[in-house]
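This report concerns only the one structure given below.
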Amino acid sequence: MMKGIYVICHLMKYDHGLIDAKWQEKWAKEGAYKTSKELKGPKYYILDMFPYPSGTGLHVGHPKGYIATDIVARFAKMRGASVLHPMGWDAFGLPAENFAIKNKIHPRAAVEANIVTYKRQLESIGFSYDWDHEVNTTDPDYYRWTQWIFVQLWKKGLAYESREPINWCPSCKTGLANEDLEGGKCERCGSDVEKKPMRQWVLKITDYADRLLEDLKLLDWPESIKESQRNWIGRSEGAEIQFKIKNDELRMTNDRITVFTTRPDTIFGATYVVLAPENEIVSELLKQKGSIKNESLVFEYVNAAKKMSEIDRSDAKKEKTGVNLEGVFVINPANGKKISVWIADYVLPDYGTGAVMGVPAHDKRDWDFARKYKLSIVRVISSNENKSDFDNWHDDYLNSGKLIQSGSFDGQDSLSSKKAITEFVGGKWVIKYKLRDWVFSRQRYWGEPIPIVHCQSCGAVAVPEAELPVKLPDVDHYEPTGTGESPLAAIESWVNTSCPQCGGPGKRETNTMPQWAGSSWYYLRFIDPRNTEALVDPAKEKYWMKVDLYVGGAEHATRHLIYARFWHKFLHDLGAVSTIEPFLKLWSVGLIMGEDGRKMSKRFGNVVNPDDVIAEYGADVFRMYEMFMGPFSDSISWSTEKIKGVARFLDKVYDLKDHLADSESPDVTRLLAKTIAKVTDDMDTFSFNTSVSAMMIFINEAREKGISRSSFAKFVQILCPFAPHLSEELWSLLGHEDLVVLSSWPTFDPSMIQNETGTWVIQINSKVRAQIIAPIDTPLEEMLEMAKKDPKIMALLESKEIKKTIFVRGKLVNFVV
RNA sequence: GCCGUCGUGGUGGAACUGGUAGACACGCAGGUCUCAAAAACCUGUCUCUUCACCGAGGUGUCGGUUCGAUUCCGACCGACGGCACCA
């Protein structure tokens, strides 16, 4: 049989292709989605995480979040708010650049072509974006302001050059920030990341660590995202304590080692001190010939540690290694004892002070180290396991408890003595963060040039604001060089310039900004995208900020969402924005997986293209199915079977237009009121799946019992945010001249959703034994009367003594016998 | 190891502040229409027992609070996510 002939029987009853196109055209022509220019009245700023336009176009997972924001945007509009709902392109960065290199075209050309595809795809879904507010991070009029923000950071000392070893991806040939790593590998390409000392620009995000942490309280964000940020910032309280170096022959600029500890209460048990191999004190000691007796061994260890990769070094399961600095001792300030000094790579150079005190009795790592090198172990907190058995570690050694062998602190509770002991040893109570400064330069072509000129006499000088943007020049080869310079370094005519300060010869900075730069403030530019005087007009900023609703992927929890908060707080400090946080309410969108349960990927051949779905079912079925699949933030597999349910539903809705009556049963009117209430309430909690189900329930009832024209019109209005094309079609078929999206959200009489009568459940010993239909407000006595008259209840209660009666108004009666 | 989120039919999932567990939808089975199929429509569909009614069990496991627990509390098991030699 020729299968093709039979497949023609199309699922949809209405011509969605025609209807979609007709209304998309009409919306555009009438400017239905233009943002109001008046800065008055209630406003709603609804934002999506803007995409980078990759060469492969959208798959069905990408628009899921956009559908949700579009629904809320249309809803807000119908409720009378002024809505800002923009879209744009995050087009700088490695993905766009790699695509361009692979396909041998200029990144700019690739990006332009990809944007055309993306825009066509987005428009086919019928989103209500105001394209007048479109931004593109690679547009010089845009990145002028990205560079401007960098200059402000530089002026405030928050952007600085550093030569510390950083993460280097040998495959992408660029330095990376900590945030760009995933388990020690490059987040982009999966290569093992190396530590490489190189000159780089760094932003002092650590200055904002406390505020970034503290202000999470103000945000209506998912708990998981807030928790990720808290973990990332990693606050801990403890003490900085100095251990004096005991060696009179030494002439040190610094004659003490400062350690950081969260357990100052255990200091009487500190039997040695360990420095990170990179600690400056080590190199200083090495410089003084003879101060370390085993110099060459130490030197060797330090070099080996520097070569080691981050993953190898930070593997907790690795056996601990270290070298004693022979001849160097320090004094434990708690008990005056002379103790040894070691270097070991388990101590990290860039956390705390790069030095720790070794308390093997109460720290697992110190225990391992001390056991290996036969260092003494002194217990200072009494333990249940108080055998003098030092062969095995017990986790309860970590617990707090009664102090012993701790001088005058003996007998006190360790936990509450922390601060007193810190004071006793002359230490300082401090707060430390795991968050590191943001490595901000990339040795790649496709990014914003960092607007700095290096001058031999003036050093690094910022390009004057009036000369911004520093445009990204064209190059012959945009492949990364791997030399620590970007391909821009090859363009001498661009690199060589004059110093803005002294006019002498200068060289431009050739590193570019990371992908995250443009997206750290784009939500501000959306408000006022064509402003040539400022990054955003203050009056407009004040009206539109904060972003009321922000939707995007949870994978941005510790990248984009931290960077943007940092920049926003900085701009607030500058007086450029009026709020201390950018995004009030955040929803994370759950992934749509392939039908096989795996992540959609070309590699698995499980990618579903929205173009195909829309061709078969239309934009409205596509939108509604994505919302009906399940809870918005859950990740769920695409199903070519289940989408049929939504298609059938919209067919039924369309079909119903030919069966309208002048009046209807009060049941239908009441259910409509309930449905409106449900859909309205669900907007707040992003429970779109239950909204769709409520609408299905309503349509099932309306088909069975009949529906009036006026009720159907109201239904079409609440359907509008979900299925805008079909709704417009039906609205106009009902005789309306205006657009349904510009109509007012339907109201209902609140008393309608209060049932007058309901089903009462009669229980005996909490088991349901009967149901009685009766008025909701039936009083207690009357209800008991009715319940007892029920034949089944009567039979069951016979010869039983009622011990207790529970009465829940409008719901149930429970006899306990 | 620490922290967070979550465990409900064959499947996706629903259940408001504790009150009829499984809404809605998919799938499946039977039926209507058809020469036949597709589509559409109707009926049924948690498990066990039963012809059926009735009954019993049932929301990861084990306990607890309560007249009543998917919901609250405790312990455990499992999944996903974040952090992790961070002192």
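As the structure is a prediction and not an experimental result, all values here were calculated from the model. The chains referred to below are lettered A, B, ... by the order of the sequence lines, with proteins before strands, and numbering in each begins at 1.
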Side-chain donor-acceptor pairs under 3.5 Å in residues 682-690 of chain A, sequence neighbours left out?
residue: A/Asp682; atom: OD1; partner: A/Lys678; partner atom: NZ; Å: 3.2
residue: A/Asp682; atom: OD2; partner: A/Thr690; partner atom: OG1; Å: 2.7
residue: A/Asp682; atom: OD2; partner: A/Ser691; partner atom: N; Å: 3.1
residue: A/Asp682; atom: OD2; partner: A/Ser691; partner atom: OG; Å: 3.1
residue: A/Thr685; atom: OG1; partner: A/Asp682; partner atom: O; Å: 3.4
residue: A/Thr685; atom: OG1; partner: A/Ser687; partner atom: OG; Å: 2.8
residue: A/Thr690; atom: OG1; partner: A/Ser687; partner atom: O; Å: 2.9

Could you list the donor-acceptor pairs under 3.5 angstrom formed by side chains in residues 807-817 of chain A, with sequence neighbours left out?
residue: A/Asn814; atom: OD1; partner: A/Ser766; partner atom: N; Å: 3.0
residue: A/Asn814; atom: ND2; partner: A/Ser766; partner atom: OG; Å: 3.2

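At the phosphate of B/A14, OP1 or OP2 sits under 4.0 Å from a side-chain N or O atom of A/Asn689. Of the side-chain N and O atoms in A/Lys804, one or more sit less than 4.0 angstrom from OP1 or OP2 of B/C67. Taking side-chain N and O atoms only, A/Tyr351 has a distance below 4.0 Å to OP1 or OP2 of B/A87. For B/C41, neither phosphate oxygen OP1 nor OP2 lies less than 4.0 angstrom from any side-chain nitrogen or oxygen of A/Arg648. For the pair A/Arg230 and B/C2, the criterion of a side-chain N or O lying under 4.0 Å from OP1 or OP2 is not met. The phosphate of B/A40 (OP1 or OP2) has no side-chain N or O of A/Lys644 nearer than 4.0 angstrom.
Each of A/Ser693 and A/Val347 lies near RNA chain B, and the nucleotide nearest A/Ser693 is the one positioned closer to the 5' end.
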Every protein N/O lying under 3.5 Å from an N/O of nucleotides 3-10 of chain B:
residue: B/C3; atom: O2'; partner: A/Glu227; partner atom: OE2; Å: 2.1

Between protein and nucleotides 43-48 of chain B, what N or O pairs are separated by less than 3.5 Å?
none

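Base pairing in RNA chain B yields stems of at least 3 consecutive Watson-Crick or G-U pairs, both distances under 3.5 Å, namely B:1-7 with B:77-83, B:10-12 with B:24-26, B:27-32 with B:40-45, B:46-48 with B:55-57, B:60-64 with B:72-76.
Separation of the P atoms belonging to B/A29 and B/A21 is 30 Å when rounded to the nearest angstrom. For the C1' atoms, the distance linking B/A52 with B/G60 amounts to 35 Å, nearest Å. When the C1' atom is compared between B/U8 and B/U70, the two are found 7 Å apart, to the nearest whole Å. Annotation: B/G78 and B/G55 have their P atoms spaced 39 Å apart (nearest Å).
Of the inter-residue distances, the one linking A/Met629 atom CE with A/Ser637 atom OG reads 7.0 Å to the nearest 0.5 angstrom. Atoms OG1 and CG, on A/Thr558 and A/Asn231 in that order, are 9.5 Å from each other to the nearest 0.5 Å.
Nucleic acid contact class of A/Lys318 (heavy atoms, under 4.0 Å, all strands): base. Using a 4.0 Å heavy-atom criterion, one finds that A/Lys652 contacts the sugar-phosphate atoms exclusively. The residue A/Val808 sits close to a base: some heavy atom pair falls under 4.0 Å. Within 4.0 Å (heavy atoms only), A/Lys767 reaches sugar-phosphate atoms of the nucleic acid but no base atom. Using a 4.0 Å heavy-atom criterion, one finds that A/Ile697 contacts the sugar-phosphate atoms exclusively. Counting non-hydrogen atoms under 4.0 angstrom, A/Ser236 reaches the backbone sugars and phosphates but no base. A/Pro631 comes within 4.0 angstrom of sugar-phosphate atoms only, judged by non-hydrogen atoms across all strands, and of no base. Note on A/Ser766: a base of the nucleic acid sits closer than 4.0 angstrom, heavy atoms only. Among the protein residues, A/Phe628 comes within range of the nucleic acid bases, having at least one heavy atom under 4.0 Å from a base atom. Within 4.0 Å (heavy atoms only), A/Asp350 reaches no atom of the nucleic acid at all. Among the protein residues, A/Val274 comes within range of no part of the nucleic acid, since none of its heavy atoms lies under 4.0 Å from any strand. Note on A/Asn700: only backbone sugar-phosphate atoms sit closer than 4.0 angstrom, heavy atoms only; bases stay farther off. In this structure, A/Ile636 reaches the sugar-phosphate backbone alone: every heavy-atom distance under 4.0 Å involves primed, P, OP1 or OP2 atoms, never a base. Residue A/Arg769 is classed as a sugar-phosphate contact, given heavy-atom separations below 4.0 Å to backbone atoms only.
Remark: the A/Asp366 side chain and the A/Tyr346 side chain contain an N/O donor-acceptor pair separated by less than 3.5 Å. No side-chain donor from either of A/Tyr373 and A/Ser340 sits under 3.5 Å from a side-chain acceptor of the other. Side chain to side chain, A/Thr206 and A/Asp437 meet the donor-acceptor criterion of an N or O pair below 3.5 Å. A/Asp180 and A/Trp516 form a side-chain donor-acceptor contact under 3.5 Å, judged by distance and modelled atom types alone.
In B/G58 the O4'-C1'-N dihedral to the base is more than 90° from 0, which defines an anti nucleotide.
In terms of modelled atom types and a separation under 3.5 Å, the side chain of A/Tyr625 and the main chain of A/Trp638 share no donor-acceptor contact.
Between A/Glu595 and A/Lys642 there is no salt bridge, since no side-chain N of the basic residue sits under 4.0 Å from a carboxylate O of the acidic one.
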Discussion item. Set out, in order, the CA-CA distance, both residues' side-chain angles and the distance that settles salt bridge (charged side-chain N to carboxylate O under 4.0 Å, His left out) for A/Asp596 and A/Arg598, then state yes or no.
Written reply: CA-CA 6 Å; A/Asp596 55 3; A/Arg598 291 185 293 188; 3.1 Å; yes
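For B/G82, the base has no donor-acceptor partner in the side chain of A/Gln229 [N/O atoms by modelled type, under 3.5 angstrom]. One cannot find a donor-acceptor pair under 3.5 Å joining the base of B/C85 and the side-chain atoms of A/Lys364.
Shown here are the ring pair (Phe, Tyr, Trp, His ring centres under 6.0 Å) partners of A/Phe722, two or more places apart in sequence or in another chain: there are none.
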